[in-house]
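Below you'll find the structure, written out as structure tokens, and then a few comments.
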Protein chains: 2
Amino acid sequence: MVHYTKSLLVLTLIMLSNSRAAHHHHDHNRCLSAALSHAEQHCTEAGVRLTPIRRAVLELIWQSHRPLGAYAVVEQLPSILGRPIRPPSVYRAIDFLLEMGLIHRLPSYNAFIGCPFPGSEHSDVFMVCRCCGSAAEVSAETLNKSLEDTASRAGFQLETQNIELSGLCASCQQEDSSS
Amino acid sequence: MVHYTKSLLVLTLIMLSNSRAAHHHHDHNRCLSAALSHAEQHCTEAGVRLTPIRRAVLELIWQSHRPLGAYAVVEQLPSILGRPIRPPSVYRAIDFLLEMGLIHRLPSYNAFIGCPFPGSEHSDVFMVCRCCGSAAEVSAETLNKSLEDTASRAGFQLETQNIELSGLCASCQQEDSSS
DNA sequence: CAGTGATTTGGTATAATGTACCACTTTATT
DNA sequence: AATAAAGTGGTACATTATACCAAATCACTG
């Protein structure tokens, strides 16, 4: 097995396991700082700047494993930057982070969530728990293939996709049955 | 082949062919009136009322094969009802139509589109052309299965889904290549 | 290090989408 | 007709998002 293939395999496993990370307890400080340094590196390589505002917005969105609204970011930014930041600046930061693939937008919730694997090609599939609100991004080969297949059978040339699944995460299923 | 299975098969074919109807030229007056009488019947059977406002809103949303915003409906309603209808009334009608499964909401567009097969169990999958804006609802066995599969492998209990695919419809692909 | 253009941010105002609330009317059921 | 339920009218407002222009910062060049 060559290195390239192995990386892909590992990546797929990471993707699929993200749901466990998001829906379960884990060392979130470490998870957050890893994401931030990853983002830093990603921006440096791309030759763009992760300014204080952009970094703070990313931090807030990552801090929450639940989709975070733009105005929630506006409210919470002073706790990081020590001064109020107005909506236009926040939306500009959000647009930047979206373009860099560091966060995703969940249209059904008018909210944003950190992307666990920026830079890699992956489908945007989100599982949002209707009970605890946590959101996990997942990717699966077979699903991607089905999507491609369905589109091409309809003569549709697929470019981007937004897939939001709603239901109960593993933790909340247990709580339901235990009550 | 028993009747039940045959119906399912036919239904699936109709579903898949909806993309052609939406993205291509067709007798839209007939398409619209069929949808309206179908809706009328659907409501009667459910014991609910398709009032003039609700019917007019449905008509406007069906008239467009492109997702239609709520305020576009507000603007166009006078042309049908002869008097202005305010946003709250329009949203109430939209909520009713959504609950009856007669229309769907496309969150990425803050817009609504008529459902070609109300009353039948089907996944909500939409293909929206970025060129002409037309939207087609499709359903495919394999895709549904993949979704179920992906969710259950992540321990997620899938309840509802919203799938929006963006790209080029067959017509617009031809126009692209012919220019 | 000054000059210059490009990028980023500050800040006001406003657009677009959606809802809470309460009074009133219409419909369905005794 | 009396009554309850369902639907509508209309004001006001909440939430989400953007247009616009001025000021500041950064990056590059001479």
Side-chain angles (χ1 to χ4, degrees), chain A residues 39-40 43-58 60-61 64 66-78 80-100 102-113 133 162 164, chain B residues 39-40 43-58 60-61 64 66-78 80-100 102-113 133 162 164:
Chain A
E40 204 98 55
C43 287
T44 305
E45 283 170 8
V48 296
R49 287 186 293 157
L50 189 64
T51 63
I53 292 185
R54 291 170 177 172
R55 191 189 153 91
V57 170
L58 178 61
L60 282 173
I61 291 176
S64 163
R66 308 169 46 161
L68 198 65
Y71 277 76
V73 173
V74 170
E75 272 178 18
Q76 293 176 38
L77 267 180
I80 296 187
L81 295 175
R83 67 198 167 89
I85 308 289
R86 273 154 234 291
S89 294
V90 171
Y91 276 101
R92 278 187 297 245
I94 286 174
D95 288 343
F96 169 85
L97 296 171
L98 284 173
E99 276 179 24
M100 292 304 295
L102 294 169
I103 61 174
H104 287 291
R105 179 175 147 80
L106 289 159
S108 324
Y109 301 88
N110 289 329
F112 307 88
I113 191 146
N162 171 255
E164 295 166 76
Chain B
E40 205 97 55
C43 287
T44 305
E45 283 169 9
V48 296
R49 288 186 293 157
L50 189 63
T51 62
I53 291 186
R54 292 170 176 174
R55 191 189 152 90
V57 170
L58 179 60
L60 282 174
I61 290 176
S64 163
R66 307 168 48 158
L68 199 63
Y71 278 75
V73 173
V74 170
E75 271 179 19
Q76 294 176 37
L77 268 180
I80 296 186
L81 295 175
R83 68 198 167 87
I85 309 290
R86 270 154 236 291
S89 294
V90 171
Y91 275 102
R92 277 188 298 245
I94 285 174
D95 288 343
F96 169 85
L97 296 171
L98 283 173
E99 275 179 24
M100 293 303 296
L102 294 169
I103 62 174
H104 288 292
R105 178 173 150 78
L106 288 158
S108 326
Y109 301 88
N110 290 330
F112 307 88
I113 190 145
N162 171 256
E164 296 166 77

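Convention: sequence-line order gives letters A, B, ...; per-chain numbering from 1.
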Got A:R105 and A:I113 here, is their nearest side-chain heavy-atom distance under 4.5 Å? no

Do you see a donor-acceptor pair shorter than 3.5 Å between the side chains of B:S89 and B:R86? no

Rounded interatomic separation in angstrom, taking CE from A:M100 and P from C:dT7: 15 Å

Report yes if a side-chain nitrogen or oxygen of A:N110 is closer than 4.0 Å to either non-bridging phosphate oxygen (OP1 or OP2) of D:dA17; otherwise report no. yes

Check the distance between D:dT15's P and A:I94's CD1 and give it to me in whole angstrom. 17 Å

Could you state the interatomic distance from CG (B:L77) to CD1 (B:I53), rounded to the nearest 0.5 Å? 7.5 Å

Distance, rounded to the nearest Å, where A:E99 contributes CD and C:dT7 contributes P: 13 Å

Is there a side-chain contact between A:I103 and A:L98 (heavy atoms, below 4.5 Å)? yes

Of the listed nucleotides C:dG10, C:dG18, D:dG9, the one nearest the side chain of B:I53: D:dG9

Tell me which of B:P87 and B:R54 sits closer to the 5' end of DNA chain D, going by the nucleotide each one is nearest to. B:R54

Any side-chain N or O of B:Y91 less than 4.0 Å from the OP1 or OP2 oxygen of C:dT19? no

Reading 5' to 3' and counting Watson-Crick or G-U wobble pairs with both distances under 3.5 Å, write the dot-bracket notation for DNA chain C, | for bases paired outside the strand. ||||||||||||||||||||||||||||||

Any heavy-atom pair between the side chains of A:T44 and A:L50 that's under 4.5 Å? no

Tell me, do A:V73 and A:F112 make a side-chain contact under 4.5 Å, heavy atoms counted? no

Between P of D:dA6 and CG of B:L50, the distance in whole Å: 17 Å

Would you check if A:Y71 stacks with the base of D:dT15, given a 5.5 Å centroid limit and a 30° plane limit, both strict? no

Whole-Å distance between C:dG18 C1' and B:R86 CZ? 16 Å

The side chain of B:S89 lies closest to which of these nucleotides: D:dT8, C:dG10, D:dA17? D:dT8

Rounded to the nearest angstrom, tell me the gap between atom CZ in A:R55 and atom C1' in C:dT9. 19 Å

Can you tell me which residue pairs pass the salt bridge (Lys or Arg N to Asp or Glu O under 4.0 Å) test with a partner in residues 43-55 of chain A, sequence neighbours excluded? A:E40-A:R55

Give me, pair by pair, the N or O atoms of the protein and of nucleotides 21-30 of chain C that are less than 3.5 Å apart, along with how far apart they are.
{"unit_1": "C:dT27", "atom_1": "O3'", "unit_2": "B:R49", "atom_2": "NH1", "d": "3.3"}

Are the side chains of A:H104 and A:L106 in contact, using a 4.5 Å heavy-atom criterion? no

With a 4.0 Å cutoff (strictly under), does any side-chain N or O of A:R83 reach OP1 or OP2 of C:dG10? yes

Mark yes or no for whether A:Q76, through its side chain, and A:L60, through its backbone, hold a donor-acceptor pair below 3.5 Å. no

Value in whole Å for how far the P atom of C:dT8 lies from CG of A:L81: 17 Å

Under 4.0 Å between a side-chain N/O of A:R105 and OP1 or OP2 of D:dA17, yes or no? yes

In whole Å, what is the span from the CG atom of B:L98 to the P atom of C:dG18? 11 Å

Do you know which two heavy atoms are closest between B:A93 and B:V57, and how far apart they sit? CB-CG2, 3.8 Å

